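Working notes for the structure below.
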Amino acid sequence: MKFSEMNQDSWAELQLYLDTCLVPFTAMSGQQSPVEATEALERLRDFLDTVEIPFKGRIMTYPAYHYISAEMSMTLNTLSSELKASGFKYVVIMSADGSFADMHIPNADLLLSQRDLLQQMENESIARYVGECIRELWKK
């Protein structure tokens, strides 16, 4: 479910079930042409579908964080902390093009990078792996 589909009444009613916040992270530098930016957003959308579609009803997708900066770890860590303070039990950050390899984001419960995963497995296996990661997160 997208944040924009929610109103005050429905949030109060569904908050118990929507315990996981999904933060899309595009990881653009600002040097992309409009065509490249569109392609990056399409890749991110497709990667998000691996979570949004099968887990609809338990995951709330928040607005995307589009640009990378030198303080990205701190920014995403603070954002994760604030989202948990607002009532989410879990925070999952997903990126199609960005890498979390050198980032320290302890307040996020799960970091999923399609770019990093492609170095470890075939593209066809990623959706199944991502689903397993989400289910394991909820078992904790």
Side-chain angles (χ1 to χ4, degrees):
M1 176 172 275
K2 306 265 192 245
F3 70 96
S4 58
E5 298 171 359
M6 192 65 53
N7 62 41
Q8 191 63 36
D9 293 335
S10 59
W11 175 240
E13 182 181 319
L14 296 174
Q15 189 172 10
L16 292 173
Y17 307 103
L18 295 168
D19 65 350
T20 306
C21 182
L22 178 60
V23 178
F25 176 47
T26 314
M28 292 189 296
S29 66
Q31 297 177 343
Q32 290 80 9
S33 70
V35 171
E36 292 168 327
T38 299
E39 291 169 350
L41 289 169
E42 289 171 349
R43 284 189 298 276
L44 180 59
R45 177 205 59 213
D46 293 345
F47 189 44
L48 293 173
D49 281 350
T50 64
V51 172
E52 289 177 322
I53 293 170
F55 301 112
K56 185 177 182 174
R58 187 154 179 195
I59 291 185
M60 172 70 64
T61 302
Y62 258 50
Y65 199 94
H66 292 294
Y67 297 97
I68 195 159
S69 69
E71 303 85 25
M72 193 83 303
S73 291
M74 183 174 60
T75 300
L76 292 174
N77 195 54
T78 301
L79 176 61
S80 297
S81 177
E82 295 296 328
L83 289 167
K84 286 183 177 184
S86 77
F88 288 103
K89 185 173 181 179
Y90 306 104
V91 174
V92 176
I93 303 174
M94 292 180 68
S95 182
D97 297 337
S99 175
F100 299 113
D102 296 325
M103 291 192 193
H104 181 66
I105 311 170
N107 289 324
D109 297 288
L110 185 58
L111 303 170
L112 295 168
S113 163
Q114 186 174 27
R115 177 178 153 192
D116 292 342
L117 292 172
L118 282 170
Q119 295 176 3
Q120 303 167 22
M121 64 187 69
E122 296 294 321
N123 191 41
E124 297 78 31
S125 304
I126 290 177
R128 184 176 62 249
Y129 175 78
V130 167
E132 290 170 7
C133 289
I134 296 290
R135 284 187 286 282
E136 283 299 314
L137 173 67
W138 289 338
K139 288 180 184 178
K140 290 182 183 180

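Count residues from 1 along the sequence. Worth saying up front: this structure is predicted, and the values here are computed from it rather than measured.
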According to a hydrophobic-cluster definition based on side-chain heavy atoms being under 4.5 Å apart (Ile, Leu, Val, Met, Phe, Trp, Tyr only), do M74 and M103 belong together?
no
Is there a path of hydrophobic side-chain contacts, each under 4.5 Å between heavy atoms, that joins L44 and Y129?
yes
Could you measure the distance from the OG1 atom of T26 to the CZ atom of R45? Nearest 0.5 Å is fine.
12.5 Å
Non-hydrogen side-chain atoms of L112 and F47 separated by less than 4.5 Å
yes
Any chance you could measure H104, atom NE2, to L76, atom CG, to the nearest 0.5 Å?
12.5 Å
Find the distance between CD (Q120) and OG (S125) and round it off to the nearest 0.5 Å.
11.5 Å
For D102, I'd like to know if atom CG has over 12 heavy atoms of other residues, nucleotides or ligands within 6.0 Å.
no
Do I126 and M121 make a side-chain contact, defined as non-hydrogen atoms from C-beta onward lying under 4.5 Å apart?
yes
Using a 4.5 Å cut-off on heavy atoms from C-beta on, say whether the side chain of L137 contacts that of V92.
yes
Taking all atoms of both residues into account, what is the closest heavy-atom pair of L83 and C21, and its distance?
CD1-SG, 3.7 Å
How close do D49 and P54 get, counting heavy atoms only, and between which atoms?
O-CD, 3.4 Å
For S33, is there any backbone N or O sitting under 3.5 Å from a side-chain donor or acceptor partner on E36?
yes
Rounded at 0.5 Å granularity, tell me how far OG1 in T20 sits from CD1 in I134.
7.0 Å
Is it true that a side-chain atom of S95 and a backbone atom of F25 form a donor plus acceptor pair closer than 3.5 Å?
yes
Closest non-hydrogen atom pair between N107 and K84, with its separation:
O-NZ, 2.9 Å
Begin with the C-alpha distance, continue with both residues' side-chain angles, and end with the deciding distance and a verdict on side-chain contact (heavy atoms from CB on, under 4.5 Å) for Q114 and N123.
CA-CA 9 Å; Q114 186 174 27; N123 191 41; 3.6 Å; yes
Regarding R135 and E132, does a basic nitrogen lie under 4.0 Å from an acidic carboxylate oxygen?
no
Please name the pair of heavy atoms, one in Y65 and one in M72, separated by the smallest distance, quoted to 0.1 Å.
CE2-CE, 3.2 Å
In this structure, are over 12 heavy atoms from other groups packed under 6.0 Å from Q31 atom CD?
no
Evaluate the criterion side-chain contact (heavy atoms from CB on, under 4.5 Å) for residue pair Y62 and L22; output intermediate values, then yes/no.
CA-CA 6 Å; Y62 258 50; L22 178 60; over 6 Å; no
Could you give me the CA-CA distance, side-chain angles and deciding distance for I59 and L18, then say whether side-chain contact (heavy atoms from CB on, under 4.5 Å) is met?
CA-CA 5 Å; I59 291 185; L18 295 168; 5.9 Å; no
same_hphob_cluster(Y90, L48) at 4.5 Å side-chain heavy-atom cutoff:
yes
Step-by-step side-chain contact (heavy atoms from CB on, under 4.5 Å) determination, M94 to T50
CA-CA 10 Å; M94 292 180 68; T50 64; 3.9 Å; yes
What's the spacing between D109 CG and S80 OG if we round to 0.5 Å?
7.5 Å
Is it true that, when you exclude E122 itself, more than 12 heavy atoms of the residues, nucleotides or ligands shown sit nearer than 6.0 Å to its CD?
no
Write down the atom of S73, the atom of I105, and the distance for their closest heavy-atom approach.
O-CG1, 4.0 Å
Which atom pair, heavy atoms only, marks the closest approach of R115 to D97?
CD-O, 2.9 Å
Residues T61 and E52: side-chain donor-acceptor under 3.5 angstrom
yes
Using modelled atom types and a 3.5 Å cut-off, is there a donor and acceptor pairing between side-chain atoms of T78 and backbone atoms of T75?
no
State plainly whether one hydrophobic cluster holds both M28 and V23, where clusters connect Ile, Leu, Val, Met, Phe, Trp and Tyr through side-chain heavy atoms under 4.5 angstrom apart.
no
Is it true that a side-chain atom of Q32 and a backbone atom of G30 form a donor plus acceptor pair closer than 3.5 Å?
yes
Test item: V130 and L117 side chains (from C-beta on) under 4.5 Å apart, heavy atoms:
yes
Test your reading of the model: is there a side-chain donor-acceptor pair from S113 to the backbone of G98, 3.5 Å cut-off?
yes
Rounded to the nearest 0.5 Å, what separation is found between the CG atom of D19 and the CZ atom of F88?
9.0 Å
